[in-house]
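Here is the structure we will look at.
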Amino acid sequence: MSETGERLLREIREKPDDDAPRMVYADWLLSSSTDPDDHARAELIHTQCGLDRVHPTDVPARHHQAVALLKKHKRFWLAPLRQANIHGNWEFRRGFLDAGKLTARRFVEVAPKLFELAPMLRALTFPEASNELVALAGSPHLARLDDISLHQMCKCGGCKIQLELPSLFRSEHVSNLRRLVLSGCRIESDNAELLFGSKQLDKVRVLDLHDNRITSFGLATLVDRPHTYTKLILAGNPLGDAGAVALAQAPELSIEELDLSDCAIEKDGARALAEAVWGESIVKLVVHGNSIGKGAARVALRERYGKRLEL
């Protein structure tokens, strides 16, 4: 690739959330190359980057266009990964390979080559990562990712994942994460405290902890120090009224969406949530599946949150 192409790609890597460098690169491909695959890549960049800006009625057509481009060209674009024996379920976003699914063990083995061949890769799902998490947490290449999913690390129920999780929460390589999925990982209150107390995870803005075992005691470090989330999912944890009260009284909790469905919350907890210190700024509060009843607590929630409430 020419020096100009390398420079434009470097600008994309340096500003991964900015569409402008991607659009400049796409225009350069169209003007400087006669290769049909390069033109298809430019079209994919324009199409996928435009999905968030077009009128909603135009989204299906744009999406169909992107699917058609990928159907025709994806195999060619993924050929270097296949030749390197790096196999995974890969997803293109905003014109480049951005996400995929790979075992944690394999990631540790191939990460240098993986990022050489897919430098825009930012999100990975690590299926059934039990007994592999310590090695993953120790990989410096984890710092290249801003989104990881470790949903249901162990399906057999016998792996000691509770002993592995602290290595992730303390890892020096997770400080760039902005989305972290740890649903169904048997997280109890002691590990929840380590998670919420981790300064390495301060950039996480979307945290999915549904279907764990966190009680009100596990929220201590969440309510005692500043936390900012665009989405926090605590659904399916036995927080109870005590957990709801603790959350409602957290003075430095900034949150847009909070999912507390199926958390064993009753009337006292609901009343506390209706008076939450962060209540004015929240965009969505989900509390269905709890035993709130039809009385004053429900009325108070509706009066405070209106259409922002899912009950």
What distance do [X] atom [atom1] and [Y] atom [atom2] have between them, rounded to the nearest 0.5 Å?
{"X": "F196", "Y": "R225", "atom1": "CZ", "atom2": "CZ", "result": "11.0 Å"}
{"X": "I292", "Y": "R271", "atom1": "CD1", "atom2": "CZ", "result": "11.0 Å"}
{"X": "K284", "Y": "K307", "atom1": "NZ", "atom2": "NZ", "result": "14.5 Å"}
{"X": "I214", "Y": "L195", "atom1": "CD1", "atom2": "CG", "result": "7.0 Å"}
{"X": "D58", "Y": "R53", "atom1": "CG", "atom2": "CZ", "result": "13.0 Å"}
{"X": "D38", "Y": "Y25", "atom1": "CG", "atom2": "OH", "result": "6.5 Å"}

Tell me the closest heavy-atom pair linking [X] and [Y], and the distance in Å.
{"X": "S216", "Y": "G243", "value": "CB-N, 3.4 Å"}
{"X": "G293", "Y": "R298", "value": "O-NE, 2.5 Å"}
{"X": "R106", "Y": "L102", "value": "CG-CD1, 4.0 Å"}
{"X": "L177", "Y": "L145", "value": "CD2-O, 3.6 Å"}
{"X": "L97", "Y": "A118", "value": "CD2-CB, 4.2 Å"}
{"X": "L121", "Y": "F115", "value": "O-CE2, 3.7 Å"}

I'd like to know if the side chain of [X] and the backbone of [Y] have a donor-acceptor N/O pair within less than 3.5 Å.
{"X": "S198", "Y": "F169", "value": "yes"}
{"X": "D268", "Y": "V245", "value": "no"}
{"X": "Q48", "Y": "G95", "value": "yes"}
{"X": "H173", "Y": "L142", "value": "no"}
{"X": "S139", "Y": "L136", "value": "no"}
{"X": "E275", "Y": "A248", "value": "no"}
{"X": "N89", "Y": "G100", "value": "no"}
{"X": "T221", "Y": "E193", "value": "yes"}
{"X": "S189", "Y": "T215", "value": "yes"}
{"X": "N212", "Y": "N237", "value": "no"}

Does [X] reach the side chain of [Y], with side-chain heavy atoms less than 4.5 Å apart?
{"X": "S183", "Y": "D211", "result": "no"}
{"X": "R205", "Y": "E256", "result": "no"}
{"X": "V223", "Y": "Q249", "result": "no"}
{"X": "S130", "Y": "E164", "result": "yes"}
{"X": "D259", "Y": "H210", "result": "no"}
{"X": "H87", "Y": "L81", "result": "no"}
{"X": "W278", "Y": "L258", "result": "yes"}
{"X": "P21", "Y": "R13", "result": "no"}

Give the cluster check for [X] versus [Y]: same hydrophobic cluster or not, with ILVMFWY residues linked at side-chain heavy-atom distances below 4.5 Å.
{"X": "F96", "Y": "L44", "value": "no"}
{"X": "L180", "Y": "L234", "value": "yes"}
{"X": "L222", "Y": "I233", "value": "no"}
{"X": "L285", "Y": "V206", "value": "no"}
{"X": "L309", "Y": "Y229", "value": "yes"}

Inset, instruction - State plainly whether the residues K199 and D202 are in salt-bridge range, i.e. N to O under 4.0 Å. - result: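 Salt bridge absent between K199 and D202.
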Inset, instruction - May I ask you to decide whether E11 forms a salt bridge with R7, counting only side-chain N to carboxylate O separations under 4.0 Å? - result: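 A salt bridge links E11 with R7.
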Legend entry - Residue pairs involving residues 42-81 (criterion ring-ring contact (aromatic ring centres under 6.0 Å, His included); sequence neighbours excluded):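 Listed by first then second residue: H73-W77, W77-F92.
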Inset, instruction - Apply side-chain contact (heavy atoms from CB on, under 4.5 Å) to R122 and list each qualifying residue two or more places apart in sequence or on a separate chain. - result: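 Listed in chain order: P16, D17, R94, D98, D146, R178.
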Inset, instruction - Please name all residues satisfying side-chain contact (heavy atoms from CB on, under 4.5 Å) with P166, sequence neighbours left out, ordered by chain then number. - result: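 So P166 forms a side-chain contact (heavy atoms from CB on, under 4.5 Å) with R170, N191, L194.
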Inset, instruction - Tell me, with the steps shown, if D35 and S33 meet side chain to side chain donor-acceptor pair (under 3.5 Å). - result: CA-CA 6 Å; D35 188 328; S33 175; 5.3 Å; no
Inset, instruction - Please indicate whether R105 has more than 12 foreign heavy atoms, meaning atoms of other residues, nucleotides or ligands, lying under 6.0 Å from its CZ. - result: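 Counting neighbours around CZ of R105, 12 or fewer heavy atoms of other residues, nucleotides or ligands fall under 6.0 Å, so no.
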Inset, instruction - Decide if atom CZ of R75 counts as having more than 12 heavy atoms of other residues, nucleotides or ligands within a radius under 6.0 Å. - result: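 Counting other residues, nucleotides and ligands, CZ of R75 stays at 12 neighbours or fewer.
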Inset, instruction - Would you check, one step at a time, whether the test side chain to side chain donor-acceptor pair (under 3.5 Å) holds for H288 with N290? - result: CA-CA 6 Å; H288 56 69; N290 291 295; over 6 Å; no
Inset, instruction - From the options D208, T230, D147, select the one residue that forms a side chain to side chain donor-acceptor pair (under 3.5 Å) with R179. - result: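 Exactly one candidate clears the test, D147.
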Legend entry - No-hydrogen, no-angle side-chain donor-acceptor test under 3.5 Å, D37 and H39: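 No - no donor-acceptor pair under 3.5 Å links their side chains.
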